[in-house]
2 protein chains.
Amino acid sequence: MIKRTKGVTISQVADAAGVARSSVSRAFTRPDMLSPETVERILRAAETLGYVPNHTARALSTGRHGNIGLIVPDIANPFFPPLIQAAQTEADRSDFCIFLGNTAENPKQEDKLVGRFAGQVEGLVLASSRLSDERIRAHATQLPLVLINRDIEGIPRVLIDSSAGVRQAVEHLANLGHRKIAYVSGPAASWSNKQRRSAIRAGATARGMELSIIPTPSPTYQAGREAVDAVLQTGASAVVAFDDLTAQGILTGLAERHIVVPRDFSIIGCDDVLGAVTFPALTSVSNHSVDVGRIAISMLLDILRSRNVADVRYALDTKLVVRDTTADAPSQGLQLG
Amino acid sequence: MIKRTKGVTISQVADAAGVARSSVSRAFTRPDMLSPETVERILRAAETLGYVPNHTARALSTGRHGNIGLIVPDIANPFFPPLIQAAQTEADRSDFCIFLGNTAENPKQEDKLVGRFAGQVEGLVLASSRLSDERIRAHATQLPLVLINRDIEGIPRVLIDSSAGVRQAVEHLANLGHRKIAYVSGPAASWSNKQRRSAIRAGATARGMELSIIPTPSPTYQAGREAVDAVLQTGASAVVAFDDLTAQGILTGLAERHIVVPRDFSIIGCDDVLGAVTFPALTSVSNHSVDVGRIAISMLLDILRSRNVADVRYALDTKLVVRDTTADAPSQGLQLG
DNA sequence: GATTTCCATGCAACCGGTTGCATGTCAAGT
DNA sequence: ACTTGACATGCAACCGGTTGCATGGAAATC
């Protein structure tokens, strides 16, 4: 059985070193204020006693706890882990810890998490928030906020601007001879979804293509798989999916119906996080998701340091990466069955 | 531009309600100690002022911050997100927040994270730790610890006992006529890896099969893909991979060499987190990874509540799920080409 | 009516640090 | 030798809550 040691306080170190508590504090936070010998003596005493500064106490008196929160709608969506990892690495560089929150695509849960985090983080990054603009604005009055993939004026934000990539995707399909296409959409509350949908609509209109929109409840493998019937009913020969996970589900749904991709049907994802991992390798709209996480955190840290909030809007570009799920439109239409 | 409101303190509420600070505190923490009217009046005042208790201050005086840490080696490995999500949900039920740490498979980083978390969490869950037993024991003296997939006596742990499932996997391959198999192993510091390796060794010996072990630097898609040459050189006709991600990489590596699975080669993963998502659908050793997350957290919360640490060892069973990546051994050996 | 009991509330110390200001010391400046 | 200043350190208040103990008034008991 393991027994626990309890914390050594600053007072004990002070006694051991024969100095005041404040000197011990300074030995750790502003050693230049003390004579080198004193610092040395204090550090030695601290070392001997196994002193570790109490984070909570420090946070209380300074108001800075060195934590930032990151809230995502679904950790299991492969778009997020690399982003989270990058965020963590960036935070780490400045000795910040990350609180991670998963909302399960649920605005209620998101609201609750923000509230719970608010007290113990210096700032918050909301990735792909499903909250209303009003709620987000309200939260922003409580603590520094940075948004990912959400465009609200006055709140610093990092956006993946899919329009260029999606436009390329539509062009690509048009060049392959596809005339009827479908967009399998993402969550209604998703800014990315709105943006991708309008980009594809604009592209389709420009090329005189017929476009159908298929709704899904959430961007998941399962939702993609279940959307396949609806997609096929539109008579489309190609589909653009809200994200790679959905696209992967569609891929499976098509395989289950013995529809061969890309011979019989073309498919394009978004985010390019599964690209090489699916079979066939997925053509997808690529977007430096890793950068997004890093940039959002570094932006937040800047705000925390400078204490003033500029209205930053950081948009990252996207481009189509062609792999093996797109090909010429089948000449005499799709043979169902 | 959004301006920030600053915190309302307990004193302001006390003044507004015409009571002492202690009464305000009690109105929130032990309302039964106060008369209902007083409670009512205080709550109304708090509501009006928009008072929210300061988490940090409370943590300082009570020593309980309602946070627990969860450290994983690689968020991007699909084994972890469901586990993390389950952990979060379970923590949430008891109003605890989760600190997430990602070590990138790096023991140094893991050590650092534990240290940084130690001050601000009540307890810690280490999933698939890559630390040495000594380090883990040392940390356990500092704060309550629960381990996932690490078997150290005296420290509460939740284990996925792969031996049954792996044994079934070997049986399955044996029954399909495979005589030479390979195990593509995971990280050297991984307990699961050791366990799986011995299980497969035992199984192979029992059935008189020839077994080769292929090392990999880390359990990733890329590592699996790069292990394929080594696997093929062993002359094996089937492989068991340390986890599904590695298996998926192997699947791709085989496809790149025009080796058709399962006709020419059989493959089995572990964890069963990608099962239905790969092509062909992966045969895998299934293990309720979601339960693991939930159980670990609930165990930790029990410890925090009871303040005494029992030596719990919770082992979860596994079983083989057969899908489409295993079939009869090719009769005249594999045609390399 | 006096005494005891109980309950609601206030007082003040405490959690473990940080920090503005005061103090004391010693060397440099004149 | 006396002032001045720089520098090292200590004192004490403060961050925003919690909690053991004291107090005072009302209800219960005799």
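Labels below follow one simple rule: chain letters A, B, ... track the order of the sequence lines, proteins then strands, and each chain is numbered from 1.
- For the pair A:H65 NE2 and C:dG16 C1', the interatomic distance rounds to 16 Å; values are reported in whole Å.
- Residues A:S61 and B:V19 both approach DNA chain C. Their nearest nucleotides, taken by heavy-atom distance, put B:V19 toward the 5′ side.
- A donor-acceptor pair under 3.5 Å links the side-chain atoms of A:E110 to the main chain of A:R130, judged by distance alone.
- Note: CG (B:L34) to P (D:dT19) measures 14 Å, nearest angstrom.
- Residue contacts shown for A:Y51 are limited to sugar-phosphate atoms, with no base heavy atom under 4.0 Å away.
- Contacts of B:S22 with the nucleic acid, taken as non-hydrogen atoms under 4.0 Å apart, include base atoms.
- Here B:V24 lies out of heavy-atom contact (under 4.0 Å) with every strand.
- Rounding to whole angstrom units, CE of residue A:M33 and P of C:dT18 are separated by 12 Å.
- Separating the CG atom of A:N54 from the P atom of D:dC15 is a distance of 18 Å, rounded to the nearest angstrom.
- Smallest separation of non-hydrogen atoms from A:I75 and B:I84: CD1-CG2, 3.3 Å.
- At a threshold of 4.0 angstrom between heavy atoms, the contacts of A:T56 with the nucleic acid are absent.
- At the heavy-atom level, A:T9 lies under 4.0 Å from the strands shown only through sugar-phosphate atoms.
- Between the base of C:dG16 and the side chain of A:R21 there is no donor-acceptor pair shorter than 3.5 Å.
- Where B:E37 and B:A57 meet DNA chain C, the nucleotide closest to each residue was compared, and B:E37 sits on the side nearer the 5' end.
- Ion pairing between B:D302 and B:R305 holds under the 4.0 Å rule for side-chain N and carboxylate O.
- Atom-to-atom, CZ of B:R26 to P of C:dA8 comes out at 11 Å; the value is rounded to the nearest Å.
- As judged by a 4.0 angstrom heavy-atom cut-off over every strand, A:V8 is placed among residues touching the sugar-phosphate backbone only.
- At whole-Å resolution of the value, NE2 in B:H55 and C1' in D:dT18 are 14 Å apart.
- Of all the heavy atoms in A:A87 and A:L70, the pair that sits closest is CB-CD2, 3.9 Å.
- One atom, CG of A:L60, and another, C1' of C:dG16, lie 9 Å apart when rounded to the nearest Å.
- A:S11 comes within contact range of no nucleotide atom at all, as no heavy-atom separation falls under 4.0 Å.
- To the nearest angstrom, P of C:dA12 lies 17 Å from CD1 of B:I10.
- A salt bridge does not link A:R137 to A:E134: none of the charged side-chain nitrogens sits closer than 4.0 Å to a carboxylate oxygen.
- Taking only side-chain nitrogens and oxygens, B:S23 never comes nearer than 4.0 Å to OP1 or OP2 of C:dT9.
- Between B:T62 and C:dC15 there is no side-chain polar atom (N or O) within less than 4.0 angstrom of OP1 or OP2.
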